[in-house]
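Both counts, for ligands and for their atoms, begin at 1 and track the order of listing. Quick caveat: nothing in here was measured; it's all calculated off a predicted structure.
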Amino acid sequence: MEDRFSFLAEWLDPPAALLRRYQLFYYPKDSSVEMFDVKNQRVFLRRTRYEQLQPENLFLGNRVTVFSRQLHLVDYGDQYTANKLGSRKERTLALIKPDVVTQVGDVLERISSSNLLVTKAKMTTLSWTQAADFYVEHQSKPFFSNLVQFLSSGPVVALELMGDEAVSTWRRLLGPTDSSAARKEAPQSVRGQLGTDGVKNVGHGSDSLAAAARELEFFFPSAGGHGPSNTAVFSDCTCCIIKPHAVSEGLTGKILNSISAAGFQISALQMFSVDRANAEEFYEVYKGVVPEYPTMVTELSSGPCMVLEIHGTDAAQSFREFCGPADPEISRHLRPTSLRALYGRDAAKNAVHCTDLPEDGLLEVQYFFRILDG
Ligand code: CMP
């Protein structure tokens with residue numbers, strides 16, 4: 001019998017402001033999809049090939065785009081799908097500590113090569129009290145105050161990782177807690193390669209599913225709450241978006257490394273799932289001006305993207321030059337080492353968006369880090 005995976009999916013229909021519910025079926029054999037309207041009890045989309053939908057993106061809580069509709073996968077549609085796709089999938093918190101926050105690209109590259117997906121990301125600076133709350137289980141340990149002092153000494157990046165046995169996979173990737181032990185016992189591990197000692201040890205990983213649930217809730221609260229604030233400074237800044245195609249191709253780490261290696265300061269970083277209405281609003285100035293406007297909107301709303309605030313004097317102009325011309329083909333000829341030449345595919349899937357006009361830098365940064373993260 002042919003495999004068929006089934007999900008309950010919700011779509012926020014912007015003009016009607018209605019939450020519509022569908023059963024989404026995915027047939028891996030020919031990469032086709034089918035949709036059934038739950039309320040009206042009728043076929044909404046007949047079985048159609050749709051190769052843009054990657055099977056690895058079919059997991060609970062994720063948002064996938066099917067023919068320009070961003071669907072939120074809220075439940076499994078049947079027991080078969082739950083058993084087949086859900087059994088070993090876990091979520092965990094990976095916290096990148098202040099000692100290596102400027103090397104977050106290196107860590108993300110390792111995460112992506114170990115088949116873990118980054119499903120949420122946020123750079124934040126914890127106060128002493130927040131760090132003490134986070135490490136409350138170590139309250140009575142002699143190293144508690146050092147640990148809290150270090151964790152609140154600068155920005156950290158919190159990540160939600162998803163994948164098969166994510167809790168143990170990430171801890172294995174990190175290596176032994178003490179970095180000098182890691183250098184001896186697991187020299188290829190993240191701590192073995194990048195760590196300094198027992199406190200400056202690159203990252204933290206939840207040690208159980210229960211701890212993961214609590215720690216994820218701390219950084220990414222599920223209902224109502226906001227969690228620790230982002231680190232945007234809203235001055236001398238420009239906006240960079242690592243586009244959904246580049247995120248899903250696992251290029252985030254490489255792109256962040258290139259940006260840091262070129263000397264740009266990443267002062268805020270956060271993952272967003274932009275819906276179509278917001279993508280249209282964000283790109284409003286390009287409407288009727290740039291022929292790619294509709295495909296740019298589709299690309300930006302096609303999956304999660306990583307948004308950065310780049311900080312520095314004249315950041316907008318120098319960062320724009322570093323990105324290269326909007327069309328990667330042209331970039332490859334004129335500026336072969338630019339981000340778009342290296343990682344772009346076409347004019348809409350061109351790896352990164354960067355602010356075009358210096359006076360728009362702050363507005364674009366505010367759009368994400370103040371309005372969408374409001
Ligand atoms: P982490 O994985 O973040 O979880 C708790 C942290 O406590 C751990 O990393 C270490 O940084 C720190 N830690 C654990 N044991 C010791 C120790 N004996 N001395 C100093 N720090 C420690």
Given side-chain hydrogen bond (donor to acceptor under 3.5 Å, both in side chains), test Lys243 with Asn350 step by step and report yes or no. CA-CA 8 Å; Lys243 294 195 177 185; Asn350 59 354; 2.8 Å; yes
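Residue-level contacts of ligand 1 at the 4.0 Å heavy-atom threshold are Lys97, Tyr135, His138, Phe143, Leu147, Thr177, Arg191, Gly198, Val199, Asn201, His204.
Remark: Arg69 pairs with Trp11, Tyr22, Phe44, Leu71 by the side chain to side chain contact (heavy atoms under 4.5 Å, CB included) rule, at least two apart or across chains.
Residues Glu292 and Tyr286 have side chains that never bring a donor and an acceptor to within less than 3.5 angstrom of each other.
Glu329 has a carboxylate O that lies under 4.0 Å from a charged side-chain N of Arg332, or vice versa, which qualifies the two as a salt bridge. For the pair Glu90 and Arg171, the salt-bridge criterion is not met [side-chain N within less than 4.0 Å of a carboxylate O].
Going from atom CZ of Arg42 over to atom CG of Asp37 covers 5.0 Å, rounded to the nearest 0.5 Å.
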